[in-house]
Amino acid sequence: MRVFWFPFVFILGCSVALGQETFFRPSVRLAQQGDLIYLLLPDRFCNGNPGNDTGNAPANDPKVSGFDPANSDFFHGGDLQGIDTKLDYLSHLGVNSIWLTPIFKNRAVQNYGEGAAPKAGYHGYWILDFTDVDPHFGTKEDLQRLVDHANAHKIGTILDIVVNHTADVIQPKNGVHEYQYKFSKPYRDADGKPFDDRDYIDRPDFPKLDPDISFPIPPAFPSEADRKIKKPDWLNDPTVYHNRGEASTGGESAQYGDISGLDDLFTEQPRVVQGMIDIYADWIKNFPISGFRLDTVKHVNNEFWVKFIPAMSEVAKNAGRKDFFIFGEVYDPDPAFVSEFVHRAGLSSVLDFGFQRAAHAFATGAGTPRSLVEFFAKDSYYITPSANAYGLVTFLGNHDIGRIGYFLSNDLSEAAEEELLARDILAHALMFFTRGIPSIYYGDEQGFTGKGADVAAREDMFESKVPAYLAEKRIGGGDASAPAFNEDHPLFRAIREIATVRRNNPPLQSGIQIVEYADDKPGILAVARIDPNSFEEMLVALNNSSETRKADVKVFSPAGNWEKVYSSGAKGISFGPGPDNRISIELAACSVLVLRNPHPIEPGSEQLGELRLTAARTSELEDRWEVKAEVTSGMVPSVAFGVRAKGETAYKFLGTADGPPFRVFPPREIIPNAAELEFRAIERDLFGKEVTAAFDWHRPGPRGH
């Protein structure tokens with residue numbers, strides 16, 4: 001029997017008294033909104049103790065120790081003591097948190113067979129012992145000192161953690177590496193009976209498994225030593241892994257397959273869930289760290305994260321760290337896909353790969369300001385009762401995709417050095433002054449460029465011996481053969497100034513973001529940032545054109561009181577009051593201007609206009625509703641959304657949008673499964689005026705009834 005849906009019908013609301021009971025909640029902001037995160041690979045940052053360079057290996061052979069500072073794929077000597085010696089440098093830059101790629105004990109060297117060059121686990125993602133620090137980086141005592149000293153500098157420490165896989169130890173007994181799909185080769189319990197693991201996710205009655213019977217690719221160990229090489233000991237049980245072969249480009253294998261041969265954990269099993277909770281709870285209890293970055297989130301089933309993340313937050317809270325920051329890596333630039341993990345995996349923050357792509361295009365001039373507006377319009381995908389796009393971690397480059405310096409110098413190969421420097425500063429200003437929590441990749445403040453992605457973007461901050469790194473040409477200057485901790489480097493000075501402006505102005509950290517002007521070709525983007533508590537307004541204007549551009553930008557506060565708090569260039573920048581609460585600005589090529597009005601926005605006398613609400617079970621996002629409000633007036637309005645089954649008294653809060661477009665995209669399972677629903681929207685402006693709208697939705701019977 002086919003089911004049909006009624007078309008949209010909106011019902012206009014009316015003003016309500018402020019004292020009336022309401023589900024309105026202000027838009028969410030995280031405790032970390034004012035932070036600046038600094039991502040570094042401990043092996044490539046600073047060598048504080050040459051005595052641990054070989055990781056206590058029994059021989060100096062690089063194929064055993066993994067240490068070869070002239071080989072980009074091997075350990076170079078950086079360690080925790082080295083990071084400790086550079087805390088003043090990081091503090092001077094304006095860093096609030098250091099994010100360390102995994103510091104746990106790795107397989108020192110991974111061999112790939114005859115004819116393939118070996119590689120070392122310098123990056124930290126090939127973990128053998130989840131309970132200890134890799135000896136190449138130091139000891140637990142070194143970690144304790146680093147975290148304590150960082151805290152004294154008011155710098156938190158974020159550990160990069162892995163739950164999806166371990167080092168590559170297990171090998172296929174039958175020699176098969178190609179992924180084996182479940183539809184043709186299901187799992188079997190220890191008695192040989194087929195079953196679907198999805199029916200038993202995290203259940204105590206998860207079927208018992210036998211390594212020789214249960215898997216399409218029976219697991220085997222290359223040597224007797226490998227049978228007990230991992231810690232904790234439960235990781236040596238081959239039945240806690242998926243054992244289905246190599247992951248392909250997507251689909252089922254993305255969660256069940258081995259990535260580059262790494263042993264893929266069976267995270268659907270309750271013993272694996274609890275085992276990982278126990279491992280990482282100990283790190284929180286034993287070290288005063290401030291957060292976790294979750295690796296390979298999309299390669300792990302959502303049910304795991306729904307249990308793991310609250311468990312980590314609870315452990316941190318019991319340890320006196322109620323604002324423990326957890327954010328995940330969902331390696332994809334599409335906000336529609338990435339936002340799924342905020343809604344369905346329980347994450348409050350993820351790395352914003354979409355912003356990186358949009359910022360890259362904007363900084364090079366290939367992308368228009370209008371295209372950035374279209375990107376920011378998708379921020380509504382992330383809105384939940386406890387999360388939104390303001391809490392996303394933004395970045396311009398990282399250890400996987402490469403550096404912003406590379407993108408600029410590669411895309412603009414004929415550009416002058418002055419233009420590359422100006423565009424690099426432009427990119428950082430865009431990241432620091434728009435929504436999100438900015439993250440810098442180590443070395444970007446020294447103009448590092450690299451030669452591409454992955455290992456080509458993992459240069460040494462200390463004196464390098466890698467020929468490719470020594471040949472690097474850096475934006476803003478710099479000698480790759482010398483340590484790169486120059487606080488007079490033009491990019492260090494520029495980023496420090498930008499970070500200081502952001503730190504000193506709360507609207508730039510957590511203020512409501514409203515795009516006020518955007519050219520359809522390379523030119524000016526102007527964004528208002530408004531503090532809903534102080535009513536202070538700031539204006540951020542960026543010109544990504546190679547020519548001077550002018551614009552008249554609408555603002556909310558009086559146009560004659562504005563003052564400059566930042567500009568990226570001394571020439572070619574001007575501003576002044578225009579008609580109808582507008583500011584006339586002129587920006588030189590590749591420049592940035594930030595203005596502040598010392599006088600707060602003032603309440604107007606006009607009443608709020610009509611609020612229009614619609615809701616649809618189908619939307620531009622698969623398996624999501626779209627609930628949308630059209631606002632006709634109001635001084636910086638926010639709109640909260642709720643729903644209830646008809647006959648219920650309380651609304652389920654869906655989230656608050658504090659900038660246009662005013663909409664939310666809740667998953668279908670969040671909306672009550674009822675034949676008749678009542679949606680409600682509450683608009684509240686900056687000064688507390690409210691108006692509501694309601695929308696009745698019901699499921700009709702089959703055609704003809």
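In what follows, every heavy atom counts, from backbone to side chain, and hydrogens, waters and symmetry copies are set aside. Keep in mind it's a predicted model, so treat the numbers as computed, not measured. Here, residue 1 is the first one in the sequence, and each next residue gets the next number.
Under the rule for a side-chain contact (heavy atoms from CB on, under 4.5 Å), the partners of R644 that lie at least two apart in sequence or sit in another chain are E648, Y651, E678. Residues forming a side-chain contact (heavy atoms from CB on, under 4.5 Å) with P232 (at least two apart in sequence, or on another chain): F130, T131, W234, L235, I279. Listed by chain and residue number, Y381, E626, R663, F665 satisfy the side-chain contact (heavy atoms from CB on, under 4.5 Å) test with E620 (two or more places apart in sequence, or in another chain). Judged as a ring pair (Phe, Tyr, Trp, His ring centres under 6.0 Å), and not counting sequence neighbours, the contacts of F215 are Y187. For H343, the side chain to side chain donor-acceptor pair (under 3.5 Å) partners at least two apart in sequence or on another chain are R624.
No more than 12 heavy-atom neighbours from other residues, nucleotides or ligands sit within 6.0 angstrom of CG on N60. The 12-atom threshold is not exceeded at CD of E178, counting heavy atoms of other residues, nucleotides or ligands nearer than 6.0 Å. Around the NZ atom of K182, the shell of radius 6.0 Å holds more than 12 heavy atoms that belong to other residues, nucleotides or ligands.
No salt bridge links K231 with D132; every basic N to acidic carboxylate O contact stays at or beyond 4.0 Å. Taking 4.0 Å as the cut-off between side-chain N and carboxylate O, R203 and E303 do not count as a salt-bridged pair. We find that K228 and D233 are joined by a salt bridge, their nearest charged nitrogen and carboxylate oxygen being less than 4.0 Å apart. Residues K298 and E340 are not paired through a salt bridge, judged by the lack of any N-O separation under 4.0 Å between the basic side chain and the carboxylate.
Residue pairs satisfying the salt bridge (charged side-chain N to carboxylate O under 4.0 Å, His left out) criterion with at least one member in residues 160-170, sequence neighbours excluded, are listed as follows: D160-R293.
Annotation: side chain of F137 is not in contact with side chain of N52 (no heavy-atom distance under 4.5 Å). Residues P102 and Y125 meet the side-chain proximity criterion, which asks for heavy atoms closer than 4.5 Å.
Here the straight-line distance linking atom CH2 of W126 with atom CG of L262 works out to 7.5 Å at 0.5 Å rounding. The line from OG1 of T239 to CG of D237 is 3.5 Å long, rounded to the nearest 0.5 Å.
In this pair, Y179 and Y181 present their aromatic rings perpendicular. The plane angle is above 60°, beyond the 30 to 60° band. Classified by interplanar angle (parallel below 30°, tilted 30° to 60°, perpendicular above 60°), the ring pair W625/F679 is tilted.
A distance of 6.0 Å or more separates the ring centres of F341 and W305. Y390 and Y382 have their aromatic ring centers separated by at least 6.0 angstrom. Ring centers of W99 and F327: under 6.0 Å apart, within the cut-off.
Geometric assessment of R44 against the ring of Y122 yields a positive cation-pi assignment under the 6.0 Å and 45° thresholds.
Shown are Y441, Y442, F353; of these, the ring pair (Phe, Tyr, Trp, His ring centres under 6.0 Å) with F395 is made only by F353.
The closest donor-acceptor contact from the side chain of N388 to the backbone of V28 lies under 3.5 Å.
No side-chain N or O of D352 forms a donor-acceptor pair with one of Q356 less than 3.5 Å apart.
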